[in-house]
S.K.: 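Pasting a structure below so you can have a look.
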Amino acid sequence: VETDLAAMHPEMASHVAIFGLSTAFTVIFLVEWVCNIAANGSAFFKPRQIWNWMDTVIVLASTIELCIVMSAGRAADHQPSKGRGASSQFRMLRILRITRLIKIVRATRLVKFIRALRTLVHQMVITLKSMVWVVVLLVMLIFTFATTFTQAATAHRYDSDEHVSLALMRYWSSLPRSMLTLFMTISGGFDWEACLFALSDLGPHWVGAYLAYVFFAQIAVLNVVTGVFCQGAIDSAAHDHELLTQSVLAERQTYTDTLRGIFRQMEFDENGVTILEFQDCLGDENIQAYLHALGIDTADVWTLFKLLDVDKGNVIDLDEFVSGVLRMKGFAKGFDLAKLGYEQKVLHDELSKFMRRTDQSFVLLKDAGSAQRRMSTASGAGDDGESETN
């Protein structure tokens, strides 16, 4: 608003209302910046916190601008000498222009809060490396063809006794002009019919070479470049930690909201869903289709109900239904397999300990039985000896 008023109505640029709004916004940003520093401490100025550093630059620039404007106003009130005042005001104007340019960056704060805009900006930044090599490739291609066409046009101009057409001189008279012509041909800078007809003076084979350049550059090179940019943007979005986190959270929230709606259809009262209500609702084709899309088999209703009924109360509440369905959604995850392997190992260790204790018990029982038999045999032999003695 301030920039537009300064351009359209210069007399309104220094209006009190504009200065008041600018001061209010500066104070709000300054308070926010101080609160963030007080809340985060030294972590606010970590090297990877790019947005925090940007906020710092914006707040400092706005504060400096406000101080300059206020000091300029006080200086005008004191009415200093004209020479020193003009020089001081000129320096202040230059500083004000710099700070106002920095304040434009304030609009980039929206990128941090709008997910779609942040995705676009992030993908554009990631593809900058590919763009450099694309520029190199196009320059090499254009330079090669431009050199060929310029040499042919120069030879025709020197060898021909007739008057050289103005179109040939306009489009193919020098190497930079030829490169500009070829670049504008593939970028939509003009209708390339005129430069094509200019090459017809050199011969039909040069017309064919020009058409080959257009075909190769637009059909092959630019389409491949577009594919590379798209693939790079997709890969960057798939590996960006914050974007991936936001996508997972948004997907999980969508599933949660849908499952809450399904549960409200199942629940006839506020006491949860019983096995009969659960079985009746699973007869709905829409609910079956949605659960099948999540990878949940609804054929065995009883087993599914028992898996969802975590507290074994024979009633499924909302939290059990949502968490259970999300837990069973899709195929087995690495965490599920690791948990199953851990539980299997614990069970194997407990079973091994039980088997060892059982074997030891059997050995003790066997030894006790053998000792009992020996004692019985010895006792019987003693009784027989006493009988014979008698």
Side-chain angles (χ1 to χ4, degrees), residues 39 112-116 118-119 122 234-362 364-365:
K112 185 168 56 174
F113 303 105
I114 302 176
R115 178 188 171 194
R118 185 185 182 280
T119 302
H122 179 266
I234 293 173
D235 293 340
S236 65
H239 293 87
D240 183 72
H241 176 70
E242 293 188 11
L243 292 178
L244 186 61
T245 302
Q246 292 178 0
S247 177
V248 171
L249 292 176
E251 181 182 3
R252 183 179 181 85
Q253 186 62 40
T254 302
Y255 284 137
T256 301
D257 295 339
T258 305
L259 292 175
R260 288 177 182 273
I262 293 176
F263 185 82
R264 283 192 290 268
Q265 296 179 15
M266 293 182 179
E267 191 178 28
F268 294 101
D269 50 26
E270 297 182 355
N271 297 325
V273 178
T274 62
I275 180 62
L276 296 178
E277 296 173 348
F278 188 72
Q279 186 174 5
D280 292 338
C281 291
L282 287 185
D284 189 345
E285 295 181 354
N286 294 327
I287 296 178
Q288 287 184 5
Y290 184 77
L291 293 179
H292 276 294
L294 295 179
I296 299 176
D297 186 12
T298 59
D300 192 348
V301 179
W302 178 259
T303 302
L304 180 59
F305 182 86
K306 287 300 182 183
L307 290 175
L308 295 176
D309 186 17
V310 179
D311 59 359
K312 307 303 178 183
N314 296 325
V315 175
I316 301 176
D317 57 22
L318 177 60
D319 294 335
E320 287 179 336
F321 179 75
V322 173
S323 61
V325 172
L326 291 178
R327 186 176 60 253
M328 292 186 291
K329 178 177 72 70
F331 298 99
K333 302 179 179 63
F335 175 79
D336 298 327
L337 297 177
K339 181 180 179 182
L340 183 61
Y342 174 77
E343 293 177 349
Q344 181 70 20
K345 183 178 181 302
V346 172
L347 181 61
H348 179 270
D349 294 340
E350 293 295 330
L351 184 60
S352 299
K353 293 179 182 179
F354 174 76
M355 293 300 296
R356 285 194 297 269
R357 289 196 299 267
T358 304
D359 291 339
Q360 293 174 359
S361 299
F362 279 133
L364 292 176
L365 289 174

S.K.: A quick test of your reading: do over 12 heavy atoms of other residues, nucleotides or ligands sit less than 6.0 Å from CD of Glu343?
M.R.: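 More than 12 heavy atoms, drawn from other residues, nucleotides or ligands, come within 6.0 Å of this atom.
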S.K.: At what distance, to the nearest 0.5 angstrom, does CD of Gln344 lie from CG of Leu351?
M.R.: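 So the gap between those two atoms works out to 9.5 Å.
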S.K.: Would you call Asp349-Lys353 a salt bridge at under 4.0 Å N-O?
M.R.: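 A salt bridge is absent here (no side-chain N lies under 4.0 Å from a carboxylate O).
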S.K.: Atom CG in Asp359, atom CZ in Phe354: separation rounded to 0.5 Å?
M.R.: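 Output value for this atom pair is 10.0 Å.
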S.K.: In Å, rounded to the nearest 0.5 Å, how long is the span from CD of Glu350 to CE of Met355?
M.R.: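 Going from CD on Glu350 over to CE on Met355, the span is 14.0 Å.
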S.K.: Looking at every non-hydrogen atom in both residues, tell me the closest pair between Asp319 and Ser323 and how far apart they are.
M.R.: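 So the minimum-distance heavy-atom pair works out to O-OG, 2.6 Å.
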S.K.: Return the minimal non-hydrogen interatomic distance between Phe305 and Val273, and the atom names on each side.
M.R.: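 So the two residues come closest at CE1-O, 3.6 Å.
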S.K.: Could you tell me if the side chain of Asp309 sits less than 4.5 Å from the side chain of Asn314, heavy atoms only?
M.R.: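 A side-chain contact exists here, since the closest heavy-atom pair is under 4.5 Å.
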S.K.: Minimum heavy-atom separation for Lys306 and Lys312, please, with both atom names.
M.R.: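 The answer is O-NZ, 3.8 Å.
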S.K.: Does any N or O in the side chain of Asn286 come within less than 3.5 Å of the main-chain N or O of Tyr290, such that one atom is a donor and the other an acceptor?
M.R.: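 It does not hold such a pair.
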S.K.: With Glu320, which of Val315, Val325, Asp311, Leu308 fulfils side-chain contact (heavy atoms from CB on, under 4.5 Å)?
M.R.: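 Result for side-chain contact (heavy atoms from CB on, under 4.5 Å) with Glu320: Asp311.
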S.K.: At their closest point, which heavy atom of Leu259 faces which heavy atom of Phe321, and how far apart are they?
M.R.: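 Looking at all heavy atoms of both residues, the closest pair is O-CE2, 3.5 Å.
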S.K.: Specify the closest pair of heavy atoms between Phe278 and Leu304, including all atoms of both residues, with the distance to one decimal.
M.R.: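 Here Phe278 and Leu304 meet closest at CZ-CD2, 3.7 Å.
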